[in-house]
Amino acid sequence: MSHDTPPSTGTESTRHRHFIHDEIDADLAAGKHQGRVRTRFPPEPNGYLHLGHAKAICVDFGLAAEYGGQCNLRFDDTNPSKEEQEYVDAIQDDVRWLGFEWDGLFYASDFFEELYGYGEHLIRTGHAYVCDLTPDEVAAYRGRLDAPGRESPYRQRSPAESLDLFRRMRAGEFQDGARTLRAKIDMSSPNPNLRDPVLYRILRAHHHRTGDAWCIYPMYDFAHGQCDALEGITHSICTLEFEIHRPLYEWFLDHLPVPHRPRQIEFARLNVTYTVLSKRKLLELVKTQVVEGWDDPRMPTLRGMRRRGYTAAALRAFCDQIGVARFNSTVDKLVLENAVRDDLNKSAARALAVLRPLKVVIENYPADGLEWIDAVNNPEDPASGTRRLPFGRELWIEHDDYKDDAPKGWFRLSPGKEVRLRYAYCITCKEVRRDASGAPIELVCTYDPQSAHGKTSDGRKVKGIIHWVAASHAIEAPVRLYDHLFAAEFPEDVAEGVDWKANLNPKSLEVVAGAKLEPALRDARPGQHFQFERVGYFVADTRDSRPGAPVFNRTVTLKDTWAKLEKRA
RNA sequence: UACCCCGUGGUGUAAUCGGUAACACAACAGGUUUUGGUCCUGUUAUUUCUGGUUCGAGUCCAGACGGGGUAACCA
């Protein structure tokens, strides 16, 4: 479907300005960067991308597009003990699926040699030293949030000695963790990031790109800003938790012979009700098998949402709607759902599908009768044409469309009441056949032969319209009904000692086995989107569908005014 | 307890050099409709509080209150 792989035009994001535009405008007006804008999206390849990343991607790539600039994809791969090629590949796939193409593809590891050189430079200029303190000692010397730290006894080590030790660290002469390279800044700074932060640690781990070439790796802080400088990034956009790192980011730029001066700007990360957006927690859900994997349709990962039936266009529209600010907020999940509905309403082909079937027999319709009835594929898109639906004496209708006792305002089926079968005739319920427990199992109805094409034989109005499938031609397919992964609006809000997973929604997945679908659905292509009329948006599952045997995932329900009225009563 | 950031309707964001609160979603009321969908119309805020500067403050200043972040050889 075309809306799955739209081009990255950036035009969608131009509708809403935010504070980062102001900052960039000010820089440009001040004559910085020769008027050029270059951003970057810098994921660590240690997990799959989620909705929160989608926001960052839209901001990073969107800003570059709006200013006619460029955006790089850079993998922040400075910790080989956590990072894997599998994630690198998945992240690239996800970014492209979302609809963006990077200008430059980089890895922090591309710059390991330059970064090492920067390390030696700081030593030579007296701004860094090799420290022999153990991790515990480093922590103890750092002090607390409200108390200054103490200087390391190795702080006065001569540049010559530190240089020699740093080279030997690289040569592999010391054990993992035995020494670190530290910046010499200010152990009493109120900002803990400035208390002689570690620049390099000894770590013997196989790196997915550099293999075993290195046994020392730079820390995030020592790598990120310098990579930005080396790539010519003008505006380094990140989330609020890095705000306190900005003084260090700038300190490195001030003390190193970098070729360019980037600027870090932070914005608030995305929070959405009824879900969690943290790689750590998502990983925990996968590991504890609460979900079936990173691409479980209930996961807020890009892969999960894609499999659930969310479109890239919907996600981009969502990111555009939520805005960008520095205030920590939580977006109502309804906004997300509304974004898919809006996109799918325009593009998804309609189909008739009965999830919980109740048999209807039209007693005045010929036993061997069969008609093919025209139905529009999408009223919002005339170009999508029409199809034909088989109609016969025996039909399936939705169990929920019948009630023994019609409540006030109910205009579906009940004894003696008449409804229109969508695209077909009006029927009246004459008799209800029941099982031993009294539950209805079959409705005996009559139809008005003059009621095709919206008319009735005597001009009477029939308000209710229900969907149906001819029993003779119905196909069956498993249909998965997904709901919020968490039952609580704010899943992470738990009392002390309570596991946030206690807020999981036990009914986040219901598999419907006996659904009856119109025959054309047999040929649904994996990944194809549909609107099952009056029910919701569904997608043929890309993993479990087989030729001629689709499996459907519910993306989102349709808005249901009746359900709302019923709930209120 | 220290430092930093933030505080506009139910929710999320707007408001050019301070000029008289806008948009989206939700909710509610109504209209259209062979999907109780879509679409259309209408209703909903003295901008956390208190002072100050000003002809004029959501925008500037001060204080209070509230929320968030930060003490990994993680990113």
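Lettering of chains follows the sequences in order, A, B, ..., and the numbering in each one begins at 1. All figures in this text were calculated on a predicted structure; none of them were measured in a lab. Values below: all heavy atoms of this structure, side chains included; hydrogens, waters and symmetry mates excluded.
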Could you work out, with side chain to side chain contact (heavy atoms under 4.5 Å, CB included) as the rule, every residue matching Ala56(A), not counting sequence neighbours? Phe41(A), Asp60(A), Phe267(A)

Check: protein-nucleotides 42-45 of chain B nitrogen or oxygen pairs below 3.5 Å:
none

So, using salt bridge (Lys or Arg N to Asp or Glu O under 4.0 Å) as the criterion, who are the partners of Glu518(A) when residues are at least two apart? Arg387(A)

Reckon Thr78(A) has a side-chain N or O less than 4.0 Å from the OP1 or OP2 of A75(B)? yes

On the ring face of Tyr274(A), is Lys333(A) found with NZ or CZ under 6.0 Å from the centre and within 45° of the axis? no

Rounding to the closest angstrom, what is the interatomic distance between U47(B) and C6(B) at atom C1'? 15 Å

List in chain and number order the residues that pass side chain to side chain contact (heavy atoms under 4.5 Å, CB included) with Pro148(A), two or more places apart in sequence or in another chain; answer none if no residue qualifies. Ser188(A)

Answer yes when Asp228(A) and Arg74(A) have at least one side-chain N-carboxylate O distance shorter than 4.0 Å, and no when they do not. yes

Identify which nucleotide among C73(B), U35(B), A75(B) has an atom closest to any side-chain atom of Arg142(A), counting heavy atoms from C-beta outward. C73(B)

Reckon Ser81(A) touches a base, only the sugar-phosphate, or nothing at all at heavy-atom distances under 4.0 Å? nothing

What orientation do Phe106(A) and Phe111(A) show, parallel under 30°, tilted 30 to 60°, or perpendicular over 60°? parallel

Below 4.0 angstrom from OP1 or OP2 of U13(B), is there any side-chain N or O of Ser329(A)? yes

All pairs passing salt bridge (Lys or Arg N to Asp or Glu O under 4.0 Å) where residues 39-48 of chain A contributes a residue, at least two apart: none

Of the candidate nucleotides U13(B), U35(B), A14(B), which contains the atom at the shortest distance from the side chain of Phe327(A)? U13(B)

Work out how far the P atom of A29(B) is from that of G66(B), and round it to whole angstrom. 38 Å

Separation between the P atoms of C40(B) and C23(B), rounded to whole Å: 14 Å

Asp196(A): partners by salt bridge (Lys or Arg N to Asp or Glu O under 4.0 Å), with sequence neighbours left out: Arg155(A)

When you compare the protein's N or O atoms with those of nucleotides 68-70 of chain B, which come within less than 3.5 Å of each other, and at what distance?
{"residue": "G68(B)", "atom": "O2'", "partner": "Asn328(A)", "partner atom": "ND2", "Å": "2.8"}

Side-chain N or O of Arg201(A) closer than 4.0 Å to phosphate OP1/OP2 of C74(B): yes

Atom P, compared across U20(B) and G56(B): separation rounded to whole Å: 15 Å

Looking at the side chain of Asn79(A), which of A75(B), A14(B), U34(B) is the nearest nucleotide? A75(B)

Between U11(B) and C5(B), how many Å separate the two C1' atoms, rounded to a whole number? 22 Å

Quick note, Pro135(A) side chain, CB onward, closest among C73(B), G36(B), C39(B) is C73(B)

Taking the P atom in each of A21(B) and C25(B), what is the distance between them to the nearest angstrom? 23 Å

Stems involving RNA chain B: give each as a range paired with a range, ordered by first number, where a stem means at least three consecutive Watson-Crick or G-U wobble pairs under 3.5 Å. B:2-7 with B:65-70, B:10-13 with B:22-25, B:27-31 with B:39-43, B:48-52 with B:60-64

Would you be so kind as to tabulate the donor-acceptor pairs closer than 3.5 Å made by side chains of residues 323-332 of chain A, with sequence neighbours excluded?
{"residue": "Arg326(A)", "atom": "NH1", "partner": "Glu266(A)", "partner atom": "O", "Å": "3.1"}
{"residue": "Arg326(A)", "atom": "NH1", "partner": "Glu266(A)", "partner atom": "OE1", "Å": "3.1"}
{"residue": "Arg326(A)", "atom": "NH2", "partner": "Glu243(A)", "partner atom": "OE2", "Å": "2.3"}
{"residue": "Asp332(A)", "atom": "OD1", "partner": "Leu334(A)", "partner atom": "N", "Å": "2.9"}

Can you check whether any acceptor in the base of U35(B) is under 3.5 Å from a donor in the side chain of Arg350(A), or vice versa? yes

According to the 5.5 Å centroid and 30° plane-angle thresholds, does Tyr220(A) stack upon the nucleobase of A75(B)? no

Say you pick atom C1' in G69(B) and the same atom in A22(B); how far apart are they, in whole Å? 31 Å

Which of Arg460(A), Lys455(A), Arg420(A) passes side-chain hydrogen bond (donor to acceptor under 3.5 Å, both in side chains) with Asp448(A)? It is Arg460(A)

Mind checking whether Tyr217(A) and His207(A) have parallel, tilted or perpendicular rings, split at 30° and 60°? parallel

With sequence neighbours left out, the residues meeting side chain to side chain donor-acceptor pair (under 3.5 Å) with Glu86(A) are Tyr48(A)

Contact string for nucleotides 23-31 of chain B, one letter per nucleotide 5' to 3', B = base within protein heavy-atom range under 4.0 Å, S = sugar-phosphate only, - = neither, reads --SSSSS--

If I pick the C1' atom on U53(B) and the same atom on C61(B), what distance separates them, to the nearest angstrom? 7 Å

Enumerate, atom names and distances included, each donor-acceptor pair closer than 3.5 Å involving a side-chain atom of residues 171-181 of chain A, sequence neighbours excluded.
{"residue": "Glu173(A)", "atom": "OE1", "partner": "Arg168(A)", "partner atom": "NE", "Å": "2.7"}
{"residue": "Glu173(A)", "atom": "OE1", "partner": "Arg168(A)", "partner atom": "NH2", "Å": "3.3"}
{"residue": "Asp176(A)", "atom": "OD1", "partner": "Arg204(A)", "partner atom": "N", "Å": "3.2"}
{"residue": "Asp176(A)", "atom": "OD1", "partner": "Arg204(A)", "partner atom": "NH1", "Å": "2.7"}
{"residue": "Asp176(A)", "atom": "OD2", "partner": "Arg204(A)", "partner atom": "N", "Å": "3.0"}
{"residue": "Arg179(A)", "atom": "NH1", "partner": "Asp132(A)", "partner atom": "OD1", "Å": "3.0"}
{"residue": "Arg179(A)", "atom": "NH1", "partner": "Asp132(A)", "partner atom": "OD2", "Å": "2.8"}

Want to settle it: does Asp146(A) or Arg534(A) sit nearer the 5' end of RNA chain B, counting the closest nucleotide to each? Asp146(A)

